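Taking it in order: structure first as structure tokens, then the write-up.
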Amino acid sequence: MPRMPQWLETAVFYEIYPQSFQDTDGDGVGDLQGIIRRLDYVKDLGCTALWLNPCFASPFLDAGYDVSDYLQIAPRYGTNGDAKRLFEEAHRRGLRVLLDLVPGHTSWEHPWFKASMQAEKNEYTDRYIWTDCIWEEPAGCASLRGISPRDGSCAVNFFTHQPALNYGFLHPEKPWQQPMDGPGPLATREAMRDVMRFWLDLGCDGFRVDMAGSLVKGDPEGKGTVALWRDFRAFLDREYPDAALVSEWGEPDKSLQGGFHMDFLLPWGPTHYNDLFRCASPFFAGKGDASVFVEKYWASYEKTEKKGLICIPSGNHDMDRLARFIQGDSLKIAFAFLLSMPGAPFIYYGDEIGMRYVEGLVSVEGGYGRTGSRSPMQWDESENAGFSSAPKEKLYIPQDPSPDRPTAAAQCGDPASLRSEIRRQIAVRKTHPALQSRGEIRFVSDGAPGTPLSYERTAEGERVLVALNPADEARFCPLTGNVRKTLYQLGEAPAAEGGRLRLAPRSAAWLLLGESQ
Ligand code: NOJ
């Protein structure tokens, strides 16, 4: 594992979807000036770092994950100068900024792709993965074909308009497949290094890396992609040793080996993350089962040599809003979990006020079912909830129409609000090393039906027992030490009964322990 920048150890992230955060020029779409204007809000919540979804030039067929110029802020968000100012203003407040690096594919409008479509050989001929005959498709992925004079089909990485950049094949078998150290793949690597250099020089602190595990093809075990990321990390260690890297990969044993500092826990695949938050009976709604999640998490955790550097998000721009499944105190208990787990927590903008999934929307910019989780932030009671001065119908995505929609202003002024609760939780996390990114975890009760979710976090000689009971009835878990102090409590206080802890219905507690019993 690479050396971790100190700030990452205590980081609490806030994810900003730029188009929906704050509009300052009245076009109905958020912008970088808007983010600058709201930095104090993010800081006041207690977050220490931002992750911005892609804000680069793009035709926005996938909300910016289809980049057409890696080195240019999309005009609708502002200029590169605004980005520089954003980094400076964030740093002035002690906040770090991760940009979203999309290294696996570009937009089909990227000049590299346009040049690679040409029949004549040129500098970009091998920047993407093309077969050498239109009638052959690259195995294992969809392709773009019949769109250019070039005779071949081009592999795509996600949507059809996102041609895959060429980092080579682990074991090339066909003449058109280049090895990882072939000239095309090496040139792509260098181009991506230049992209990183550009933004790090301008002042960003690192990157969240989109689909980080997807780069080398014909590589089901990820060996080539791990090697590729080690090479990127070596470059960063030479030139930008403090640059942080967080991967969207979902296999921390691979990503951490590749030099990432942390990996996201993904809502799909084998994680069972959604058993907790998003299913017919989520654990945090009080009736579900957390035990399979715990088993899978533990397996991943052990593979990271107990480093546990797995970021658990409250949600993100790809998932249903948390509040679609969980409400009221249950949401507070869910955050008592998110903010007491190892790895840096990520709060998706608006989740801190319980913003709802907006039902029934027509897809915007390739959002499809994700669109309802991307609606503009609800700041206050003014027009368009303070997001924009544009006419309502010009907003990027329609806002939650409910008269009782939550707003940041109302919640900031209410000590009983979700935001105030999260603010308290973050403040406690920040002052206890055991609760931070690198503290070890040991599960005490796995949240199987009839049991609470409970775990011990330890670091620097400190032990904290976290006990969470979202159910409507009292639950019991083993008490693993003498309680020296209650660091945080929601609902009725837990009570020691023999060697057990009785947790009141819908309650949460973080308890500082003394020596083991
Ligand atoms: C993952 C991103 O989070 C998602 O929004 C995007 O559509 C795909 N990667 C493709 O880049």
Side-chain angles (χ1 to χ4, degrees), residues 13-21 30 50-70 74 77 98-110 112-113 128-129 141-144 154-167 188 192 195 207-215 217 225 229 245-251 255 260 262-269 271 273-274 278 310-322 346-351 357 361 363-375 396-397:
F13 280 88
Y14 191 82
E15 177 190 346
I16 294 181
Y17 188 71
Q19 39 278 64
S20 292
F21 200 54
L50 310 176
W51 156 30
L52 306 188
N53 292 108
C55 42
F56 315 107
S58 164
F60 292 104
L61 295 177
D62 184 12
Y65 282 95
D66 47 333
V67 178
S68 57
D69 184 346
Y70 283 106
Y77 298 136
L98 297 190
L99 293 180
D100 207 318
L101 183 73
V102 189
H105 49 268
T106 67
S107 157
W108 59 11
E109 287 189 16
H110 197 295
W112 296 346
F113 185 63
Y128 298 83
I129 303 166
C141 59
S143 70
L144 272 162
C154 182
V156 302
N157 222 28
F158 195 68
F159 289 140
T160 327
H161 53 75
Q162 290 161 322
L165 283 164
N166 187 7
Y167 294 90
T188 308
M192 209 42 66
V195 173
F207 305 95
R208 173 268 188 188
V209 178
D210 187 67
M211 294 175 69
S214 74
L215 304 195
K217 304 302 181 197
T225 304
W229 279 109
L245 286 183
V246 179
S247 50
E248 186 204 31
W249 192 322
E251 294 182 89
S255 52
F260 284 92
M262 298 188 189
D263 192 13
F264 274 106
L265 186 90
L266 299 180
W268 59 86
T271 67
Y273 162 82
N274 280 334
R278 295 170 182 81
I310 304 168
C311 300
I312 311 187
S314 68
N316 68 27
H317 60 290
D318 292 331
M319 292 184 229
D320 287 353
R321 282 274 181 195
L322 196 53
F346 278 67
I347 300 175
Y348 182 48
Y349 83 95
D351 276 355
Y357 179 89
L361 295 180
S363 176
V364 174
E365 294 187 347
Y368 303 99
R370 307 175 292 185
T371 307
S373 300
R374 300 175 173 185
S375 63
Y396 171 69
I397 289 175

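All values reported here derive from a predicted model rather than from experimental measurement. Sequence positions, counted from 1, serve as the residue numbers for this chain. Order of listing sets the numbers, starting from 1, for every ligand and every atom in it.
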Practice task
Classify the contact between M319 and ligand 1 as side chain, backbone, both or neither, using a heavy-atom distance cut-off of under 4.0 Å.
Solution key: neither

Considering only protein heavy atoms, which is closest to [atom], and at what distance to one decimal place?
atom	value
atom 3 (O) of ligand 1	D318 OD2, 2.5 Å
atom 7 (O) of ligand 1	D62 OD2, 2.7 Å
atom 9 (N) of ligand 1	D210 OD1, 2.8 Å

Completion exercise
On a heavy-atom basis, the closest approach of V67 and T106 is O-CB, 3.6 Å

Under 4.0 Å from any heavy atom of [X], which atoms of ligand 1 are there?
X	value
H317	2 (C), 3 (O), 4 (C), 5 (O)
R208	3 (O)
H105	10 (C), 11 (O)

Exercise for the section: Fit a plane to each ring of Y396 and Y17, take the angle between them on a 0 to 90° scale, and name the class: parallel (under 30°), tilted (30 to 60°) or perpendicular (over 60°). Expected result: tilted

Practice task
Could you check whether the rings of Y70 and W112 sit parallel, tilted or perpendicular, using 30° and 60° as the cut-offs?
Solution key: tilted

Exercise for the section: Report yes or no: is the cationic atom of R208 (NZ for Lys, CZ for Arg) under 6.0 Å from the centre of the six-membered ring of F260, at an angle within 45° of the ring normal? Expected result: no

Exercise for the section: For D263 and I310, indicate whether the former's side chain and the latter's backbone hold a donor-acceptor pair under 3.5 Å. Expected result: no

Exercise for the section: Indicate yes or no for a side-chain donor-acceptor contact from R374 to the backbone of H317 under 3.5 Å, with no hydrogens or angles considered. Expected result: yes

